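All values derive from a computational prediction rather than experimental measurement. Position 1 is the first residue of the sequence, and the numbers go up from there.
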Amino acid sequence: TEGTDFLTITGADWKVTFDTVTGQLTGWNVSGIDLITRAPRINFWRPLIDNHQQEFDDIWGPKFLNQCVESLHALTWEQTADTVVVTARASIAPPVHDFGMRVTYRWAISASGVIAVQLSGTPYGSYNDIIPKIGLDLGANTTLENLAFYGRGPGENYIDSQAANIIGRYETRVADAFTPYVLPQDNGNHQDVRWATMTDGHGRGFHIQAQEAPLNISAWQYTLKNIDEARHVDDLVVAAQAITATIDHRPMGLGSNSWGSEVLATHRLQFADFAYAFALAPIRQGDMDPAVLDAFHLAPAALDQDQE
């Protein structure tokens, strides 16, 4: 169904809604439950890590990287067999500089309600320095408080801080996945994630499946903005609207700039071309174990074809 400012794709027990003005996926409802309650968006920012204060003062702050905004250029959709492919092309840029990233969101929604996601970007302009991350943030229903994943754990880990964590299957609650640093900052990242689930007390929710390379996953009870602006843990307020879930391609390493050692060159992340993919599958009550579900390639065939 297409309206003046929305596009809705429906199935037997599910509905996916897009805002045709912003190009954003604004709703994913399965069996009466709103699984997504805040629109997914590509993001190059994360709550500032104290080790990176120098990078912020010298590079990111003056360039307003923490204030990037997204502008839609085009939204198109087409139906192929039993799949609807929605493509949004946009630019993400800080408000007062002549550089940014031209990005493409491609969502392929299958008849079963699975959403396969392809994200890509190409930079333009004069900026060719490092950035905190390349990834996607979305708001999940606050009832989806159970996090399970097959990846590196059980503790938080980053490319230069991972020796104590091994790849395996882990389960926790979103509230317990948060590391309460004295100065709130990015935390709780898990690398090498092949699959993850976010579910409620009845086992309902969604499954995330890496498609081409393992993902970085985290989930917080707080908004990114709240964590970034908080000066103490007492400043954190549990968000009423959504759990913040990050499904990232790559975060920059932590480094140790607090004592003068920068992030190693091999652990830095440049503002450069990127592409990655994953699938979001609904989990209904009584569905199969996520490890069994992950044995299936969830992305519709439509995304295996070049849609350019």
Restricting to pairs with a member in residues 189-212, which pass salt bridge (Lys or Arg N to Asp or Glu O under 4.0 Å), not counting sequence neighbours?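 The answer is R152-D192, D200-R204.
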
Side-chain H-bond candidate by donor/acceptor type, [X] with [Y], under 3.5 Å:
X: E156; Y: N189; value: no
X: S31; Y: D13; value: yes
X: E70; Y: Y105; value: yes
X: Y158; Y: N187; value: no
X: T199; Y: T197; value: no
X: D34; Y: N141; value: no
X: Q53; Y: E55; value: no
X: Q241; Y: T37; value: no
X: S218; Y: H190; value: no

Spell out, as yes or no, whether a donor-acceptor pair under 3.5 Å connects the side chain of [X] to the backbone of [Y].
X: T20; Y: D5; answer: yes
X: Q221; Y: I243; answer: no
X: Q185; Y: L48; answer: no
X: H232; Y: D234; answer: yes

Nearest-0.5 Å distance that lies between atom CZ in F178 and atom OH in Y222: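 Reported to 0.5 Å precision, the distance equals 5.5 Å.
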
Might you point out which heavy atoms bring L215 and A277 nearest each other, and give the distance in Å?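 Reported closest heavy-atom pair: CD2-O, 4.3 Å.
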
Any chance CG of L183 has more than 12 other-residue heavy atoms, nucleotides or ligands included, within less than 6.0 Å? yes

Is the distance from the ring center of F271 to that of F44 below 6.0 Å? yes

Tell me whether D248 is salt-bridged to R46, with the criterion being a basic N under 4.0 Å from an acidic carboxylate O. no

Sorted by chain and number, sequence neighbours left out, side-chain hydrogen bond (donor to acceptor under 3.5 Å, both in side chains) with D228 holds for W45

